[in-house]
Amino acid sequence: MSSKLIRGTFILTLGTILSKVLGLLYVIPFYRIIGGAKQAALYQFGYVPYTIFISIATAGIPLAVSKYIAKYNTLEEYAVGRKLFRSGIYVMLATGVVSFLAMYGLAPWLAELVLKGVDTKHSYTAADVATVIRAVSFALLIIPVMSLIRGFFQGHQSMGPSAVSTVLEQLARIVFLLAGAFIVLYVLKGDIVTAISVATFAAFIGGLASLLVLLWYWYKRKPGLDELLEKDRGTMDVSLPDMYKEIVVYAFPFVMVGIANPLFQFIDQITFTRAMAEAGKAAGALDALGVLNMTTHKLVIIPVSLATAFALTIVPLVTESYVKNDKKLMFRQLDQTFQVLLFITMPAAIGLALLADPMYTMFYEFDEFGAQVLRTYAPVAILFALYSVTAAVLQGINEQRFTVLSLLTGLLVKLTFNIPLIKLFATEGAVYATALGYGVAIVINLIVIKQFAYYPFKLVYRRTLLIVIFNVMMAIPVYVIYKGLLLFMTPESTFQSIIIIMICAGAGGIIYAFLGLKSGLADRLFGSKLQRVKQKLRIS
């Protein structure tokens with residue numbers, strides 16, 4: 001596998017995982033500061049629409065620009081990418097302002113939409129939700145420009161700036177979010193709506209911190225980037241209209257992929273409480289929605305971090321091998337990507353499902369309902385990861401039109417089955433509908449990859465079966481150990497939950513690592529450097 005893919009994936013994976021871990025850990029104090037799942041639901045009422053707006057505002061810029069620049073850099077036409085970057089700054093400033101004004105203005109309508117079916121006498125009013133939505137909308141002013149700069153660096157296969165800025169963005173956001181919510185509630189004795197509004201405004205603070213870091217990287221690396229311009233062949237003069245036409249073709253599918261998860265969540269927001277009310281379960285609907293879209297989702301999304309990193313890394317590299325018509329290299333990149341993805345994501349998702357009770361207690365509080373939803377939701381992480389990567393591959397092979405088809409089909413499946421399944425299975429029904437929607441979208445993506453890239457899935461099928469077997473061999477003893485620990489420990493205690501997780505996760509990790517090393521699968525996936533590890537552990 002290309003060393004660029006390994007190095008780039010490692011850097012972005014590290015940055016993304018750190019960011020996601022921080023994004024998970026802050027929930028522990030935040031949940032306790034704001035006081036529970038109902039308050040978490042108010043936070044999500046603002047944050048889910050923001051995620052959709054920010055994806056539209058950035059227009060898929062990081063991936064689209066990275067693909068565009070990678071293509072022309074391969075042809076040694078470096079000036080084309082620089083021209084795009086210069087004009088793109090103004091375009092992103094404009095889209096940021098327009099998106100901010102749109103979200104700020106539409107806040108009351110969005111609030112009414114998400115509150116349908118909610119008993120507002122005993123919860124939040126449309127004005128409360130609109131206030132939260134408007135607070136987070138300010139981030140739209142700054143995030144698009146930041147995204148353009150990240151895409152420029154990624155197109156030059158420089159993943160460090162994106163990774164560092166992602167982590168610092170999250171750090172700044174979390175510090176402001178926690179401090180702000182705490183000060184409003186416990187120092188100023190303010191209300192929960194103000195506290196949540198301050199927490200969502202933290203997205204603007206995080207974006208500002210990230211932009212400053214990226215500008216510093218630009219200042220430091222500009223001399224080296226200017227040297228590339230001296231090597232420019234200068235045989236192509238792409239006009240701005242042609243440039244943006246190509247970018248739009250690239251970007252629209254990236255937008256669709258970027259808003260896939262929030263769109264699935266938004267469907268839950270506008271249908272969940274209504275469906276629960278029709279099923280005669282309106283009383284706990286808002287708390288259940290908070291558990292579904294905030295507390296459990298935060299945990300489930302962690303194993304997907306790797307997929308996000310792969311998606312960001314693989315697009316410019318697959319584009320490069322596709323443009324060069326080097327199918328052998330492209331197949332090797334895809335083999336490695338799918339296998340590493342499944343090798344890491346699958347045990348993480350299974351472990352999360354097996355240890356749902358202590359995991360939920362450790363991060364929030366003991367809650368049988370929350371743990372049950374997490375147990376059902378955890379395996380869907382594998383589908384989230386597969387969708388991200390298969391969609392990225394379609395964009396790399398220039399078949400991005402099908403990402404739109406697959407996502408719209410998946411959303412239609414989700415929308416069709418969501419209310420009936422919620423009525424039948426309550427909160428878990430929404431999880432089943434999400435799994436069905438993502439499953440259909442992934443199948444479409446895989447069919448297109450096979451049809452247009454002529455990619456042979458035989459090796460991946462065989463390795464996937466082996467990975468499944470290893471996971472079963474790991475899960476059975478972990479389950480036995482877990483049940484044994486429950487004889488004298490309880491997941492109702494936060495401290496004991498931590499001990500249970502450490503013992504079970506440690507045992508599972510050792511078993512899984514041994515199986516991977518002993519079989520040689522880990523060597524083939526992660527390279528010959530593991531030979532030294534095997535020698536030290538005396539595994540032949």
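The shown structure was predicted, so the numbers you read here are calculated from the model rather than taken from an experiment.
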Could you pull out the closest heavy-atom pair between A349 and I382, with the gap in Å? CB-CG1, 3.8 Å

Please test S165 against M146 for side-chain contact (heavy atoms from CB on, under 4.5 Å), starting from the C-alpha separation and ending with a verdict. CA-CA 9 Å; S165 67; M146 180 197 73; 5.7 Å; no

Please answer whether the main-chain N or O of L446 pairs with a side-chain N or O of T390 as donor and acceptor at a distance below 3.5 Å. no

How long is the gap from OH on Y26 to OH on Y31, to the nearest 0.5 Å? 13.5 Å

Is a side-chain N or O of Y377 found less than 3.5 angstrom from the main chain of V300, in a donor-acceptor match? no

With rounding to the nearest 0.5 angstrom, report the CD1 to CE distance, I501 to M362. 4.0 Å

Within-4.5 Å side-chain heavy-atom neighbours: V132 and V136: no

Classify the angle between the aromatic ring planes of F138 and F201 as parallel (below 30°), tilted (30 to 60°) or perpendicular (above 60°). perpendicular

Is a side-chain N or O of S210 found less than 3.5 angstrom from the main chain of G207, in a donor-acceptor match? no

Could you give me the CA-CA distance, side-chain angles and deciding distance for F153 and I149, then say whether side-chain contact (heavy atoms from CB on, under 4.5 Å) is met? CA-CA 6 Å; F153 281 120; I149 301 173; 3.7 Å; yes

Is the distance between the ring centroids of Y512 and F343 under 6.0 Å? yes

Quick note, salt bridge (charged side-chain N to carboxylate O under 4.0 Å, His left out) partners involving residues 292-301, not counting sequence neighbours, are none

Closest approach of L214 to P161 (non-hydrogen atoms, all atoms of both residues): CD2-O, 3.7 Å

Over all atoms of both residues, closest heavy-atom pair of L386 and L342: CD2-CD2, 4.2 Å

Measuring from atom OG1 of T295 to atom CZ of F363, what distance do you get when rounded to the nearest 0.5 angstrom? 12.0 Å

Within the 4.5 Å heavy-atom criterion, are F264 and F384 side-chain neighbours or not? no

Does the side chain of R173 come within less than 4.5 Å of E169's, by heavy atoms? no

With a 3.5 Å distance limit and no angle check, can you tell me whether R134 reaches the backbone of Y104 through a side-chain donor-acceptor pair? yes

Is any side-chain heavy atom of Y387 closer than 4.5 Å to one of N445? yes

Contact check, side chains of Q265 and T51, non-hydrogen atoms, under 4.5 Å: no

Partners meeting ring pair (Phe, Tyr, Trp, His ring centres under 6.0 Å) with Y50 (sequence neighbours left out): Y47

Show your working on side-chain contact (heavy atoms from CB on, under 4.5 Å) between V460 and Y455 and close with a plain yes or no. CA-CA 10 Å; V460 172; Y455 174 62; 3.0 Å; yes

V145 and side chain to side chain contact (heavy atoms under 4.5 Å, CB included): which partner among L215, L93, T95? L93

Out of curiosity, I444 CD1 to I449 CD1, how far, rounded to the nearest 0.5 Å? 12.0 Å

Please report the shortest heavy-atom distance between A505 and L355, naming the atom on each side. N-CD1, 4.4 Å

CG of L408 to CG of L263, rounded to nearest 0.5 Å, is 9.0 Å

Please give me the minimum heavy-atom distance between I196 and L42, naming the atom from each residue. CG1-CD2, 3.9 Å

Among side-chain atoms of Y43 and N293, is any donor-acceptor pair under 3.5 angstrom? no

If you compare all heavy atoms of K414 against all heavy atoms of I267, which two are closest, and at what distance to 0.1 Å? CG-CD1, 3.7 Å

Side chains of P49 and M103, heavy atoms from C-beta outward: is any pair under 4.5 Å? yes

Under the side-chain contact (heavy atoms from CB on, under 4.5 Å) criterion, do V48 and D268 qualify, and how do the steps go? CA-CA 11 Å; V48 170; D268 284 327; over 6 Å; no

Got I52 and F266 here, is their nearest side-chain heavy-atom distance under 4.5 Å? yes

Taking I467's backbone N and O only, do any of them form a donor-acceptor pair with Q339's side chain (distance below 3.5 Å, no angle check)? no

Sequence-distant partners of Y217, ring pair (Phe, Tyr, Trp, His ring centres under 6.0 Å), two or more places apart: none

Counting N and O atoms only, with roles assigned by atom type, does the side chain of S99 sit under 3.5 Å from a partner on the main chain of G96, one being a donor and the other an acceptor? no

With the side chain counted from C-beta on, respond yes when V198 and F176 share a heavy-atom pair under 4.5 Å apart, and no when they do not. yes

